[in-house]
Structures are given as structure tokens and as C-alpha cells.
There are 2 protein chains.
Amino acid sequence: MSQDINAVMNEYLPLRDVVFQTLRQAILRGELEPGERLMEIHLANRLGVSRTPIREAIRKLELEGLVVMIPRRGAIVASITEKDLKDVLEVRRTLEIMAGEMACERITPELLKQLEETGLEFTKLKDTDDFTSLAEADVRFHDIIYAAAGNQRLISILNNLREQMYRYRLEYLKDTGSHERLVQEHQEIYEGIRRGDKEAVSAVTGTHIDNQRDAILEAIMKTE
Amino acid sequence: MSQDINAVMNEYLPLRDVVFQTLRQAILRGELEPGERLMEIHLANRLGVSRTPIREAIRKLELEGLVVMIPRRGAIVASITEKDLKDVLEVRRTLEIMAGEMACERITPELLKQLEETGLEFTKLKDTDDFTSLAEADVRFHDIIYAAAGNQRLISILNNLREQMYRYRLEYLKDTGSHERLVQEHQEIYEGIRRGDKEAVSAVTGTHIDNQRDAILEAIMKTE
DNA sequence: CTTTTCATATATGTATACAAAAAACACAGA
DNA sequence: TCTGTGTTTTTTGTATACATATATGAAAAG
């Protein structure tokens with residue numbers, strides 16, 4: 001019930017937030033390429049709004065680091081260097097391990113069940129070519145672990161770090177050779193959390209991210 | 001020289017950035033209290049600018065979580081719950097340890113020297129009542145460790161987490177009884193990094209943050 | 001043919017205008 | 001006194017206007 005009320009209340013979204021999400025998606029998906037200029041009037045016409053919401057959205061993208069401002073020239077899409085990616089993944093590795101270990105202590109039976117189900121879902125998708133659904137199942141799997149860790153700040157930081165790599169995620173999931181390994185890792189992570197075995201979870205999560213890191217870096221090399 | 005050129009080039013700051021920094025400081029120092037409304041016209045008059053730069057500054061504060069938006073009502077200063085603080089400190093603990101361990105591997109002789117000097121500076125200030133300088137020295141000490149870790153993303157996240165607690169920092173530094181212990185901990189952290197002893201650095205850094213956590217939580221209890 | 005200079009166009013930075021929603025208030029009625 | 005309702009005020013959300021800085025391009029000078 002209160003959910004419904006909430007839904008009704010949320011049906012209003014300021015234009016600036018619509019624009020923010022739109023531009024954000026476009027950047028993370030690579031539709032707006034690094035170095036590309038974000039010209040306010042152009043975007044305003046394109047999205048059918050005035051410059052004001054565009055500018056306010058850009059301010060948020062600026063703080064998030066997705067665009068960089070050049071004084072009196074406007075915003076350009078930030079380019080990610082290999083160093084940037086390594087830095088992001090290094091921090092993410094640490095925090096994913098942290099989340100996994102905390103989940104060992106704090107996970108509820110409810111969430112544990114969801115984790116198992118999502119793991120199975122991922123397994124089912126692994127041999128299909130529905131990469132989008134596969135990616136979504138992967139996101140859900142990790143989301144459940146974050147939720148189990150029960151630290152809101154950790155969740156937002158991890159989500160942000162993960163999103164930094166959306167542009168590459170689909171790329172590396174297309175490497176179907178790695179799916180078997182991914183399924184295996186998910187299974188081990190689930191088992192570890194179920195047993196409350198921090199050591200095991202920490203180790204598997206570490207290699208999970210390391211593998212991802214290598215795959216992404218390799219994918220980048222190819223495209224450049 | 002190039003510093004001068006840079007200074008000249010940076011002499012231009014958009015009003016929105018001036019406003020952003022001003023409001024940010026005011027919130028972090030507690031001059032704007034949690035729950036307080038940020039009314040655009042009022043702020044605009046107060047700072048002598050139009051609503052536009054105010055609004056753009058608020059968008060950044062919004063993304064940073066320092067203010068929360070209420071639809072069609074505007075922005076209010078975000079209030080920090082005890083849970084929020086615990087969450088922040090929990091993540092910060094992990095990342096401070098990460099930074100310390102990375103510093104063990106990557107620190108340069110140059111930075112190691114700076115770390116030693118800043119530690120001594122802190123020691124010198126410990127018995128004075130110049131809490132502001134003491135806090136600054138503490139910030140510098142940790143900044144050097146972050147820099148030594150050599151991960152830009154880690155630096156920005158840690159800075160952000162640290163700033164979340166600026167409102168309380170001065171409070172707990174006024175507890176002069178803890179100064180001796182702080183000096184001791186800094187000394188041990190420095191020694192650990194010098195020796196490249198990750199275990200030691202990790203342990204001391206952990207208790208360093210834990211102590212800070214307890215002090216801050218205690219300070220909050222008192223004020224409420 | 002290259003370079004410099006000046007005029008023009010374009011885009012940003014800031015201010016203001018306007019519409020609409022929410023809050024505050026006053027007042028009538030029970 | 002409390003409640004409900006209509007009105008006014010305030011404030012936000014969005015659009016537009018204006019000034020200025022930068023880029024663009026053509027014409028003049030070398």
C-alpha cells in the first residue's frame with residue numbers, strides 16, 4: 001500500500017533528473033564518446049527542453065567525473081585512461097571483498113535464498129546469447145550481496161564504481177569462453193557466504209574481480 | 001613558474017563553483033544545520049548573485065549527498081544519522097587500511113620524508129590548543145599516505161568520506177586526552193610504512209579509525 | 001602562400017521572467 | 001475551539017534574455 005503511495009508520489013520527476021539519467025546512460029553505454037562536446041543548446045533542442053535542466057544535469061555529471069568542464073568552453077565527455085580503469089577496479093576489488101565478508105556475518109535467510117536463485121538464473125542464461133539478461137543477472141547477484149552487507153554508503157560507492165565500467169561490461173561478457181568460469185565463481189561465492197566462510201569468499205571475490213579486470217583490459221587493447 | 005601561469009589561469013572561477021565551495025564549507029562546518037532549508041532567493045541575495053549559480057551549486061551538493069531534495073520544496077541540509085556515520089567509518093576503515101598497505105609497497109623516499117615531517121609537526125602541536133592546525137596536520141599526514149598509494153580514485157573517495165565527518169572532527173580533537181594516543185598511532189603508522197610492514201600498518205590504521213569512531217560517536221551522544 | 005587582424009558567429013555564464021505547485025493565512029461555519 | 005475552504009504569498013521548476021568570451025573565417029599585409 002505505502003508502496004503505491006510512494007509510486008504515485010514518485011511519478012513526478014524534474015526534467016533535470018530525466019536529462020541527468022539520459023545523459024548518464026548515454027555516456028556509460030558509450031553512445032556519447034569520450035572527448036565529445038556536450039553543447040547545451042544542441043542537447044536542449046534534441047531533448048526538447050530548455051538549457052536550464054541541461055545545465056543542472058551537467059553539474060551532476062561534472063561532480064561524478066563523467067564529464068570535465070573546460071572554462072567558458074563547456075563540458076566534454078571524460079575519457080577513461082587505462083590507469084583510471086585500473087584504479088577503479090583496484091578499489092572495487094577491496095570493497096567487493098569487504099561486502100562479501102560482511103555478507104558472511106549479516107546475511108538473512110531471505111537474502112541467502114534470493115542469492116541462490118539469482119545464481120541459478122545466471123547459470124541458466126550462461127549458454128544463451130542473451131548477454132543483456134546475463135549482465136542483469138550478474139548485477140542482481142552482486143546487488144544482493146551488497147544489500148546483505150547492510151551498509152548504505154558501501155552500496156552507493158560500489159554501484160558507482162561498477163557503473164564506471166558499463167561501457168566495457170557487455171564487451172567482456174561476449175567472451176563466452178569465460179561464462180563457465182563466472183558461473184563457477186558465483187557458485188563458490190554463494191557457498192562461501194552460506195557457510196559464513198570469510199576466507200573463501202574473500203579469495204573467490206578477489207579472483208572474480210581480477211578476472212574481470214583482465215578481461216576488460218584485454219577488450220580495451222583490442223578496440224584501440 | 002608554471003605554478004604562476006596556472007594561478008593566473010585559475011583566477012577565473014565560475015560563480016557556481018564559488019557558491020558550491022561556500023555552501024559546502026558551511027554545511028561541513030555545521031554553520032548550516034541539518035534540516036535547514038536552502039532557499040534559493042535568500043541565498044542569492046545573501047551571496048549577491050542570481051539564482052542560477054545557486055541552483056547549479058545545489059545540484060552538486062545534491063549528488064554529493066550533503067543536501068537532499070524534496071520535490072517542489074527545494075533543498076535541505078542532509079542530516080547524518082548515527083547509522084550513516086557508522087557506515088561511513090566502516091568503509092573508511094577498509095579504505096584507509098587499503099591505502100596504508102599500498103603505501104607500504106609504493107611510497108617514494110620523498111613522500112616518506114614528508115610523512116615523517118608531518119608526523120613530527122603533529123607531535124609538536126599536540127600540547128597546544130591550536131586545534132585547527134592540529135586537524136590540518138592530521139589531514140596532511142593522511143593525504144601523504146593516500147598520495148603514496150597512487151590511486152586517484154581511492155584518493156577522491158577517501159577525501160569525500162573524510163569530509164563527511166568534518167562537522168565532528170574538531171569536537172573530538174578537543175578531547176586532549178586522546179592526543180597522546182594519536183601521536184603514538186601516527187608514529188607507528190609511519191614506522192610500519194617505512195619498514196613496508198603491511199600487517200602492522202593495517203592493524204594500527206584499523207585501531208586508529210576505530211578510536212576515531214568511538215570518539216566521534218561519544219561526542220555525538222553528548223550533544224544530543 | 002602564409003600570417004595577422006578584424007568582423008562575425010557561436011556557446012557559455014549569469015540574470016531575469018513566467019508558470020505552477022505548495023505553504024500560509026484568513027475567515028466562515030459547526 | 002476546531003475544521004474546512006478559498007485566497008494570497010512564497011518558492012520552486014523551467015524558459016528566455018543578455019553580456020561576454022572564444023572560435024571561425026575572411027580580408028589585408030607581408
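First the proteins, then the strands, lettered A, B, ... as listed; each starts at 1.
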Contact class for A:Leu38 vs. all strands (heavy atom < 4.0 Å): base, sugar-phosphate, or nothing?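 Sugar-phosphate, no base atom in range.
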Minimum-distance nucleotide (side-chain atoms of A:Leu15 versus D:dT14, D:dT12, D:dA23):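 Selected nucleotide (nearest to the side chain): D:dT14.
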Look at the side chain of B:Pro53 and decide which nucleotide, out of C:dT14, D:dT12, D:dG13, has an atom nearest to it.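 From the listed options, C:dT14 comes nearest.
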Is the CD atom of B:Glu31 crowded by more than 12 outside heavy atoms at less than 6.0 Å?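 Count over threshold, so yes.
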Count the heavy atoms of every other residue, nucleotide or ligand shown that sit under 6.0 Å from NZ of B:Lys83, and state whether that count exceeds 12.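 Counting neighbours around NZ of B:Lys83, more than 12 heavy atoms of other residues, nucleotides or ligands fall under 6.0 Å, so yes.
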If you pin B:Thr52 and B:Glu40 to their nearest nucleotides in DNA chain D, which one's is more 5'?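 Nearest nucleotide further toward 5': that of B:Glu40.
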In this structure, how many angstroms lie between the [atom2] atom of [N] and the [atom1] atom of [X], rounded?
{"X": "A:Ile76", "N": "C:dA11", "atom1": "CD1", "atom2": "P", "value": "16 Å"}
{"X": "A:Ile41", "N": "C:dT14", "atom1": "CD1", "atom2": "P", "value": "16 Å"}
{"X": "B:Glu56", "N": "C:dT14", "atom1": "CD", "atom2": "P", "value": "8 Å"}
{"X": "B:Leu43", "N": "C:dT14", "atom1": "CG", "atom2": "C1'", "value": "17 Å"}
{"X": "B:Leu13", "N": "C:dG13", "atom1": "CG", "atom2": "P", "value": "12 Å"}
{"X": "A:Met69", "N": "C:dG13", "atom1": "CE", "atom2": "P", "value": "5 Å"}
{"X": "A:Asp17", "N": "D:dG13", "atom1": "CG", "atom2": "P", "value": "9 Å"}
{"X": "B:Arg59", "N": "D:dT14", "atom1": "CZ", "atom2": "P", "value": "9 Å"}

Below 4.0 Å: OP1/OP2 of [N] and any side-chain N or O of [X]:
{"X": "B:Ser50", "N": "C:dA15", "value": "yes"}
{"X": "B:Arg55", "N": "D:dG13", "value": "yes"}
{"X": "B:Arg72", "N": "C:dA20", "value": "no"}
{"X": "B:Arg51", "N": "D:dT12", "value": "no"}
{"X": "A:Arg16", "N": "D:dG13", "value": "yes"}

If we ignore angles and hydrogens, is there a donor and acceptor under 3.5 Å between the side chains of B:Tyr166 and B:Gln25?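 Per modelled atom types, B:Tyr166 and B:Gln25 side chains form no pair under 3.5 Å.
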Show the numbers, then the answer: is there a salt bridge (Lys or Arg N to Asp or Glu O under 4.0 Å) between A:Arg73 and A:Glu40? CA-CA 11 Å; A:Arg73 281 236 47 210; A:Glu40 299 168 4; over 6 Å; no
Which residues pass the ring pair (Phe, Tyr, Trp, His ring centres under 6.0 Å) test with B:Phe131, not counting sequence neighbours?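 Here no residue qualifies.
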